[in-house]
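A short worksheet on the structure shown next.
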Amino acid sequence: MQTGAIDLASIPGPMDLQATLESGQTFRWSRLDGRTYEDPAPSGGDAWYRTVHDGEVIEVRQTAAALEWRSTFDATETLSRRLRLDDDLGSILEEVPGDEVVARAVERFAGMRLVREPFWETLVSFILSAQMRVERIHQLVETLATTYGDPVEWRGETLYSFPSSTALAEQSERDLRDLGVGYRAPYLRETAAMIAAEAVSPAAVASSPYETARETLTSLVGVGPKVADCVLLFSLGFAEPVPLDTWIRSAIEEHFPEAAAGSYDDTSRAIRDRFGPHPGYTQTYVFHHLRTTDRAEVGRGD
DNA sequence: CTCCAGGGAGCCT
DNA sequence: AGGCTCCATGGA
């Protein structure tokens with residue numbers, strides 16, 4: 001086991017590990033204290049989080065002065081990349097618009113960073129996310145790993161990597177359904193086969209202009225504009241996507257009604273203009289704020 | 001019991 | 001292009 005610490009003073013801008021990992025951007029980190037995303041500890045806690053990255057175990061927690069990690073390898077670079085520790089979040093948040101809901105969201109979760117999670121597991125997570133609650137997505141992603149992933153031994157425990165596209169493509173639709181993924185089973189299977197066959201290259205998508213990238217991803221089965229936006233935002237580092245889910249749509253209707261009309265693309269473009277130079281960041285703050293707030297209190301500043 | 005969840009595919013016009 | 005219906009499953 002190796003251990004290390006990333007000094008918070010070395011990270012440009014604020015850092016909030018809990019908000020970053022529990023805001024529905026990623027479903028591959030588990031809290032070691034047994035709490036779930038739906039029943040989190042009070043913010044400011046120092047819980048350990050764990051994932052398996054490319055066969056390596058990484059555990060991380062935030063203390064007063066650092067991000068502390070322990071791992072099967074030197075996790076510094078991987079953590080920095082996955083949690084976007086290089087983002088100058090102080091400057092980014094200064095450029096977020098001052099609208100009531102947005103400002104309240106930033107006030108609550110300043111330090112929440114976008115993530116840059118591995119492409120395949122992000123794609124699978126958001127294919128499963130259709131009509132599914134956040135905590136349930138997390139459970140299903142864990143179940144997929146324990147069922148089809150490769151075992152990794154860690155301090156007397158057996159953990160599991162996320163299964164490859166090939167491993168999932170080999171499963172029958174029936175077996176996938178039996179895990180509880182419901183009607184998404186064929187989406188998962190067919191997209192796994194397409195990725196295994198390299199029908200879509202993550203690297204090529206990542207280097208494309210935003211609209212082209214989104215168009216390419218929607219060629220995958222079970223991937224429409226919303227899921228594509230999530231993958232581009234939470235895995236491939238795009239700044240523009242504003243995934244229009246039920247929460248954001250209702251927020252747009254209430255607070256930005258002039259942007260609510262028209263197609264997904266129309267609304268997407270209109271709200272991007274209102275969300276400042278980092279629309280994806282703005283969206284993620286608003287989403288997390290809404291999802292963790294009673295409807296009546298949204299926009300209120302306590 | 002009903003309603004809904006980080007939507008998308010298939011079909012219709 | 002845009003609208004409608006159906007799609008599993010579990011929790012409130």
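Letters A, B, ... mirror the listed sequences (proteins, then strands); counts begin at 1.
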Indicate, with a heavy-atom threshold strictly under 4.0 Å, whether A:Tyr264 touches base, sugar-phosphate, or nothing. nothing
Strand DNA chain C as a dot-bracket string - pairs counted if Watson-Crick or G-U with both distances under 3.5 Å, | where the partner lies in another strand: |||||||.||||
Expressed in angstrom and rounded to an integer, what is the separation of A:Leu128 atom CG from B:dA5 atom C1'? 14 Å
Just how far, in rounded Å, is P of B:dG6 from CG of A:Leu140? 13 Å
Quick one: on DNA chain B, does A:Leu244 or A:Val221 contact a more 5' nucleotide (nearest heavy atom)? A:Leu244
Do A:Thr293 and A:Arg108 get their side chains close enough for a donor-acceptor pair, meaning under 3.5 Å? yes
Should the ring pair A:Phe238 and A:Tyr210 be called parallel, tilted or perpendicular, given that the plane angle runs from 0 to 90° and is split at 30 and 60? tilted
Closest to side chain of A:Pro225, choosing from B:dG7, B:dG8, B:dG6: B:dG8
Is a side-chain donor-acceptor pair under 3.5 Å present for A:Ser71 with A:Glu59? no
Which part of the nucleic acid does A:Leu220 contact within heavy-atom distance under 4.0 Å: base, sugar-phosphate only, or nothing? sugar-phosphate
Can you tell me how far P of B:dG6 sits from CD1 of A:Ile127, to the nearest Å? 17 Å
Please check if atom CD in A:Glu215 has more than 12 non-hydrogen atoms from other residues, nucleotides or ligands closer than 6.0 Å. no
Side chains of A:Tyr160 and A:Glu142 in contact at under 4.5 Å (non-hydrogen atoms): no
Return the value, rounded to whole Å, for the distance between atom CG of A:Asp265 and atom P of B:dG8. 12 Å
Expressed as a whole number of angstroms, how long is the span from A:Arg214:CZ to B:dG7:P? 16 Å
Looking at every strand, decide which applies to A:Ser263 at a 4.0 Å heavy-atom threshold: base, sugar-phosphate, or nothing. sugar-phosphate
Rounded to whole Å, NE2 of A:His289 lies from C1' of B:dG6 at a distance of 17 Å
Less than 6.0 angstrom separating the ring centers of A:Phe275 and A:Tyr285, yes or no? no
Protein proximity profile, nucleotides 6-12 of chain C - base contact B, sugar-phosphate-only contact S, no contact -, cut-off 4.0 Å on heavy atoms: -BBBBB-
Give a yes/no verdict on a cation-pi contact between A:Arg70 and A:Trp48, requiring under 6.0 Å between NZ or CZ and the six-membered ring centre and an angle within 45° of the axis. yes
How many Å lie between CE on A:Met194 and C1' on B:dA9, as a whole number? 14 Å
More than 12 heavy atoms of other residues, nucleotides or ligands under 6.0 Å from CD of A:Glu198: is that the case? no
Answer yes or no for this row: A:Trp247 ring on B:dG6 base, centroids under 5.5 Å, planes under 30°. no
Distance between C1' atoms of C:dG3 and B:dG6 (Å, rounded): 22 Å
Between the side chains of A:Ser10 and A:Asp7, does any donor sit under 3.5 Å from an acceptor? no
Using atom CG of A:Asp245 as one end and atom P of B:dC4 as the other, report the distance to the nearest whole Å. 16 Å
Within the structure shown, what part of the strands sits under 4.0 Å from A:Glu190 by heavy-atom distance: base, sugar-phosphate, or nothing? nothing
Hey, do the aromatic rings of A:Phe126 and A:Phe27 have their centres closer than 6.0 Å? yes
Rounded C1' spacing from B:dA9 to C:dG10 in Å: 23 Å
